[in-house]
Amino acid sequence: MSAHLVIADEVATALGEGRGVVALESTLLAHGLPPGRSFEVGVRLEKVIRAAGAVPATIAVLDGVPRVGLGIGELERVCSPGLAKLSLRDLGAAIAMRRDGATTVASTATLAHKAGIRVFATGGLGGVHLSVPSGTVTWDVSADLDVLANTPVTVVCSGVKSILDIAATVEVLETRSVPVLGYRTDHFPAFYLRESAHRVPWRVDNAVDAAEVISAHGEVSGSGVLMVNPVPAEYELDRALHDRLLDEGMALLRERDIRGKDVTPALLEHFHSGSAGSSLAANTELVADNARVAAEVAVQLSSR
Ligand code: PSU
Ligand code: MN
């Protein structure tokens, strides 16, 4: 597959010079945000990463070519409605059939690693879905977790949404030996909310310490690192509103029999339309902050 990978000149140069590079996923743009808003967010994320002294590499598949680093026209294309969502299982088919598609955490981390990128920023990680009916075992476990267990890339995110089973997700991360670093927090964040009921095993308070842990982990393990950075306090969603939207969203899934890879986009859409913009603001601001933190870590890692 590496024969197919196209790395943008600016990204290739930065990697060649050992400078900090931060990968960004495109499913967040194509499916995680309402169409019409994602392009400005995509542009902003790249700007934030540059301001922190690193080079952004947004990743997507266009005409069957996995691209690491997009031009502005390509970014626009990625933000157009209806783009396929490509996890790692889908990459081979999309490449062979010359399709366009947005990459998830699983496929983005895989392509980033192939390109030599060590840090990746996003909003929320995929995880273990809630069991319906509760008490049963679900097989809807995001490939993001498996890939993180096998790919030495640090993913900076704001935890997982409470539309997932956070307890089960945290357990899987432990089983698969993926270290979770709380960035200035002792708690595993729940995306729209700064804290879930779960604690993180390790905490770091600055990018220098984070880079040190990531480097040391890389000496003993081939897995990735999950670094969790809570949504900025002023953008945290009201907890009562959050809980109501979650209940409604789960009911909607059952009513419309939405399953598999359509679950996350459907729930996100319900949050955005049901919160009069506050979930969108939270989503946008947390991703931007993750991009900044990821860039600071990438710069520290590159200077080591
Ligand atoms: N969680 C979010 N926003 C997102 C996603 C997850 O809060 O946009 C996207 C990411 O691309 C993630 C993917 O990798 O959904 C996980 O999907 P699935 O559960 O189908 O593996
Ligand atoms: Mn799934």
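As the structure lists them, so they are numbered: ligands from 1, and atoms in each ligand from 1. In this chain, numbering begins with 1 at the start of the sequence shown.
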**Request:** Could you tell me whether a side-chain N or O of Asp100 sits under 3.5 Å from a main-chain N or O of Leu62, the two making a donor and an acceptor?
**Result:**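 Checked: no pair found.
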**Prompt:** For the Mn ion (ligand 2), which N, O or S atom of Asp140 is at the shortest distance?
**Reply:**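 Of all N, O or S atoms belonging to Asp140, OD1 is the one nearest the Mn ion (ligand 2).
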**Request:** Pick, from Thr264, Val128, Asp144, Val263, the option with the minimum heavy-atom distance to atom 13 (C) of ligand 1.
**Result:**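 Nearest heavy atom to atom 13 (C) of ligand 1 lies in Asp144.
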**Prompt:** If hydrogens are left out, which of Lys161, Lys261, His129 has an atom nearest to atom 19 (O) of ligand 1, that is, the closest non-hydrogen atom?
**Reply:**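 Among Lys161, Lys261, His129, the closest heavy atom to atom 19 (O) of ligand 1 belongs to His129.
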Taking atom types as modelled and ignoring hydrogens, do the side chains of [X] and [Y] form a donor-acceptor contact shorter than 3.5 angstrom?
{"X": "Thr154", "Y": "His217", "value": "no"}
{"X": "Thr58", "Y": "Glu46", "value": "yes"}
{"X": "Ser279", "Y": "His272", "value": "yes"}
{"X": "Thr103", "Y": "Ser26", "value": "yes"}
{"X": "Asp238", "Y": "Ser278", "value": "no"}

**Prompt:** Of the backbone atoms (N, CA, C, O) and the side-chain heavy atoms from C-beta on, which set of Lys85 has a member under 4.0 Å from an atom of ligand 1: side chain, backbone, both, or neither?
**Reply:**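 Within the 4.0 Å criterion, Lys85 contacts ligand 1 through side-chain atoms alone.
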Protein heavy atom at shortest distance from [atom]:
{"atom": "atom 9 (C) of ligand 1", "result": "Thr27 CG2, 3.9 Å"}
{"atom": "atom 11 (O) of ligand 1", "result": "Glu25 OE1, 2.6 Å"}
{"atom": "atom 6 (C) of ligand 1", "result": "Gly124 O, 3.5 Å"}
{"atom": "atom 21 (O) of ligand 1", "result": "Ser142 OG, 2.7 Å"}

**Request:** Measure the distances from the heavy atoms of Leu268 to every atom of ligand 1 and state whether one is below 4.0 angstrom.
**Result:**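 It does; at least one heavy atom falls under 4.0 Å.
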Only heavy atoms of [X], strictly under 4.0 Å: list the atoms of ligand 1 that pass.
{"X": "Leu28", "value": "8 (O)"}
{"X": "Gly32", "value": "8 (O)"}
{"X": "Phe191", "value": "7 (O)"}

**Under 3.5 Å: N/O of Gly123 near N/O of ligand 1** =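 Checking ligand 1 against Gly123, no N or O pair falls under 3.5 Å apart.
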**Request:** May I have the step-by-step check of side-chain contact (heavy atoms from CB on, under 4.5 Å) for Asn229 and Arg184, ending in yes or no?
**Result:** CA-CA 7 Å; Asn229 178 37; Arg184 298 185 178 167; 6.0 Å; no
**Asked** Which atoms form the tightest heavy-atom contact between Ser223 and Pro179, and what is the distance?
**Response**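 Looks like OG-CD, 3.8 Å.
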**Request:** Output yes when Arg292 and Glu296 qualify as a salt bridge under the 4.0 Å nitrogen-oxygen rule, no when they do not.
**Result:**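 Result for this pair is yes, salt bridge flagged.
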